[in-house]
Asks: 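Supplied in structure tokens, the structure appears directly below.
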Amino acid sequence: MRDHRTLWVCGAAATALLSAQPAAAQEAQGSQASVLEEVVVTAQRRSESLQDVPVTVTAFGAEQVEEARIRQVADVAGLTPGLQFDAFPSSQPRVAIRGIGSSDRGAAGDPSAAVFLDEIYIGRPAAVAFDAFDVERIEVLKGPQGTLFGRNVVGGAINIVTARPQLGAFDAGAEVTVGNYERLEGAAMVNAPFAQGNAAVRFSGAWRTHDGYVRNTFTGDRMEDQDTRSGRISLRAEPETDLRILATIDATRSRETGPAQHVLDLDEGDPLSAFWTVDRDRDETAGAYNGYQDRDTWGMRLQIERDLAFATLSYIGSYRDLDYAAAYDFDGGNPSANLIDISGGNDEQTSFSSHELRLSALPESEVQWVAGAYLFQSDTDRRDILDLDIAGDAGREVYTQAAELLSYAVFADVTAPVTDQLSAVAGVRYTRDDKDYRIDNLEGSAIFRAGERFDVTVSDTYEAVTWRAGLTWQPLDDHMLYGMISRGFKSGGFQDTPSTAADAADGYEPEFATQYELGQKSVFLGGSLIWNNTLFIMKYEDLQTRRTLPNLSVVTDNAGEATIKGYETYLRWRPFTGASLVTSYAYTDAAFDQFEPEPGLDYAGNRISRTPEHKLVVSPAYTLGLASGADLRFAVDYAYESRIFDDNSNEPPEIRDPTHFVDARVVFTDPSRRWTLSLWGKNLTDELTRTHQTLFLGANFGAYNPPRTYGLSLNWTY
């Protein structure tokens, strides 16, 4: 807590000092520096400057996404303090924001921090598959967003906003990349207007491949490769001045081998630890087979907006489909080396659709408001498979799950001026989730995690009222202070791999988070410096936690209470022409207040898993103007993350040491501004860390992050 207070005091003192500068001095300094461009976000379901939004938001624009090679959620997390990404495996990502995330991927479970694609909720972890080529921006909203963004955003939300077709102008672009590990990538975009400039169509697609980072010494193949193809077609039409239509179809196909698993540590207290040998060589594994991670997902979206005399009426509808299959060697060994062989995976087919109808104030209205209704439906069929071979005695356990969800909500939110400088914000949302669930373990030849055979059907209903309320005060045009209280909720659910029929029928309750946030957003030095600061305290109730029992079954239950408090700061500065600096830091103190996972075991005071106390990102850059009119840009991203506990027990061996990651690039832009050539490198210091780890049958198994990668990218724009 000492670091927290020191940083805040220093920040407040510096803010006061900068604010106290004479106006003439600020103007003089501003005239010598480049003014920062405005960042527009939709965190309140309307387009606003980032500096005017009373929410902590980290935003990446199209240029930053392209230059920093942000391609998927893992890349966003690496550059965002307060956001964590965990690959378990990589095709089923676990996202956590400010310490709130979920490890439950069962058919009746939900994420605690949600991902949205063009405002469409992505309800299954395996469906979080997108390529960030041709996106307008990526927004990370921190803290509960239950009023406007809807279901299961108790921790926060990631919103990917794709590029829309542009009316009245032809545009095109392409990118080619080559790199180590036989990396070969291609991407292209075409924007074509028609109907006399009242409509346009936009095509974009990407193909990305690279060889595996890890060699399997048993099969002779390489693992952790990539073969991903994605495409998107968007049609935009404005047949009338007050009518706007946008239709989009997108698809992603991914084929990868399984993660390269390792025996990271031994559980000395378990006699089974004698059967394992520690293997911490990131470059090699010895799994009995390579495994696979196959994912096919596609979706379509329709948005219609009509301007009325007093408001805008909007409809957003979507349908998405997921076909997913994954299997891999869990222990990273083979029968010739290990007495125990563990493998398995998941098969999943999910379809989900949503409809939202909302009425919102016109942009020029003094009072900004939005009200609407929302409907979400999903059907998920999932198989969880565990293959266990002990001394030649092999068996397969299969849990078959089927879940149906119907969720609907009504909501309203308003921002109204109280005085010229003071505005009040208030919002409320009512949500009801109806879940039907069937689970059995009748298919497999054996049972390991279960104590009996069963076939259970169960259902439940979960209701909640979430809300937010706050004030914003703008004493000067470039300075805003705000205070906000917001409440979010995540639906309850049912067990993924229960031990008995009674456990299968015994679900878990919803979790809630109430956040108290104070924030300051300021622009200094004539527009060349942005500095934002946030203090928050979050009360986390009935949090859903997942743990492995001695009989190997996994149970999700409500842990009790936790308090998450922290400080975040964001600084963006152009000290002089050509130079820029972006720095962000998050201090997060996330600890359980009440948590007894079993009688006699008390985790009160422990840190919430997968939550670093400190995370810092520093990104300096300099653009050198050449005599020919071309530019040469040098940029670096440095990210530091403190120690992480992968288990709520906070005990070894499930601990990740602090990490230091360095990415860099040199970008040449020709005088016409149509060609860029980028020499880039990621993880240049070849930092080694564990991306996930799990204690199981006497050993701690897990996988490592990608090694150093580098390449050359050529971009062309019309």
Side-chain angles (χ1 to χ4, degrees), residues 65-66 68-78 85-94 115 125-135 160 174-188 204-216 219-232 250-261 282-285 287 289-298 322-329 332 345-346 661 663 678 680-684 686 689 691-692 703-714:
V65 168
E66 177 183 321
R69 286 190 56 80
I70 296 175
R71 295 293 179 258
Q72 51 193 349
V73 174
D75 301 321
V76 178
F85 173 87
D86 194 344
F88 186 57
S90 60
S91 52
Q92 293 189 89
R94 301 185 295 182
V115 176
V128 181
F130 67 93
D131 190 285
F133 178 76
D134 199 34
V135 301
I160 298 98
E175 175 188 86
V176 177
T177 297
V178 295
N180 63 334
Y181 294 99
E182 299 185 11
R183 183 180 301 274
L184 180 61
E185 302 177 3
S204 61
W207 172 48
R208 306 191 187 279
T209 65
H210 67 71
D211 201 359
Y213 297 135
V214 180
R215 186 172 70 92
N216 188 324
T219 66
D221 300 318
R222 299 197 69 86
M223 299 176 60
E224 297 188 359
D225 59 350
Q226 181 186 24
D227 184 355
T228 303
R229 304 169 192 188
S230 59
R232 184 172 63 249
D250 70 272
T252 298
R253 177 186 184 274
S254 179
R255 297 290 182 268
E256 304 173 9
T257 54
Q261 292 286 101
R282 174 174 60 185
D283 299 328
E284 293 184 352
T285 188
Y289 71 113
N290 298 327
Y292 56 85
Q293 299 179 77
D294 297 344
R295 179 167 45 177
D296 296 280
T297 180
W298 68 275
L322 168 69
D323 190 352
Y324 173 74
Y328 59 97
D329 189 301
N346 308 108
F661 281 95
D663 300 344
S678 173
W680 55 266
K682 299 181 79 70
N683 188 15
L684 289 177
D686 208 21
T689 188
T691 54
H692 76 83
Y704 290 113
N705 63 299
R708 179 192 299 116
T709 57
Y710 51 85
L712 196 65
S713 298
L714 178 65

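In this text the structure is predicted, and so the values were computed from the model without any measurement. Along the sequence shown, residues carry numbers from 1.
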Asks: Under a 3.5 Å distance rule, please check whether N216 uses its side chain to pair with a backbone N or O of R222 as donor and acceptor.
Replies: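 Answer holds: no.
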Asks: Regarding S713 and T177, do their side chains bring together a donor and an acceptor under 3.5 Å, going by distance alone?
Replies: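 S713 vs T177: donor-acceptor pair found between side chains.
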Asks: With a 4.5 Å limit on heavy-atom distance, are the side chains of R295 and Q92 in contact?
Replies: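 The answer is no, as the side chains (C-beta and beyond) never meet within the 4.5 Å cut-off.
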Asks: For D663 and A68, indicate whether the former's side chain and the latter's backbone hold a donor-acceptor pair under 3.5 Å.
Replies: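 Such a contact is absent between D663 side chain and A68 backbone.
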Asks: Under 6.0 Å from the CH2 atom of W207, do we count more than 12 heavy atoms belonging to anything else shown?
Replies: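 It does not: W207 CH2 has 12 such atoms or fewer within range.
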Asks: Do the charged groups of E185 and R69 touch, with an N to O distance under 4.0 Å?
Replies: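 The answer is yes: the pair qualifies as a salt bridge.
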Asks: Of all heavy-atom pairs between G212 and D225, which one has the smallest distance, and what is that distance?
Replies: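 Looking at all heavy atoms of both residues, the closest pair is N-CB, 3.6 Å.
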Asks: Report the residues that fulfil ring-ring contact (aromatic ring centres under 6.0 Å, His included) with Y704, sequence neighbours left out, ordered by chain and then residue number.
Replies: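 Checked Y704 against ring-ring contact (aromatic ring centres under 6.0 Å, His included); matches are H262.
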Asks: Any heavy-atom pair between the side chains of T252 and D131 that's under 4.5 Å?
Replies: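 No, their side chains stay 4.5 Å or more apart.
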Asks: Within the distance-only criterion (no hydrogens, no angle test), does the side chain of S230 pair as donor or acceptor with the backbone N or O of G205 below 3.5 angstrom?
Replies: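 Flag not set: sc S230 to bb G205 has no pair under 3.5 Å.
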Asks: Do the side chain of Y289 and the main chain of Y328 share a donor and acceptor less than 3.5 angstrom apart?
Replies: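 Flag set: sc Y289 to bb Y328 pair under 3.5 Å.
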Asks: Does a sphere of radius 6.0 Å around OH in Y710 hold more than 12 heavy atoms from other residues, nucleotides or ligands, not counting ones at 6.0 Å or beyond?
Replies: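 At most 12 heavy atoms, drawn from other residues, nucleotides or ligands, come within 6.0 Å of this atom.
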Asks: With sequence neighbours left out, write down each residue that passes salt bridge (charged side-chain N to carboxylate O under 4.0 Å, His left out) with D296, or none if nothing qualifies.
Replies: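 With sequence neighbours excluded, D296 shows a salt bridge (charged side-chain N to carboxylate O under 4.0 Å, His left out) to R255, given in chain and number order.
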Asks: Can you check whether R708's main-chain N or O pairs, donor with acceptor, with N180's side chain at less than 3.5 Å?
Replies: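 Flag set: sc N180 to bb R708 pair under 3.5 Å.
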Asks: Salt-bridged, R208 to E175, with N to O below 4.0 Å?
Replies: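 So R208 pairs with E175 through a salt bridge.
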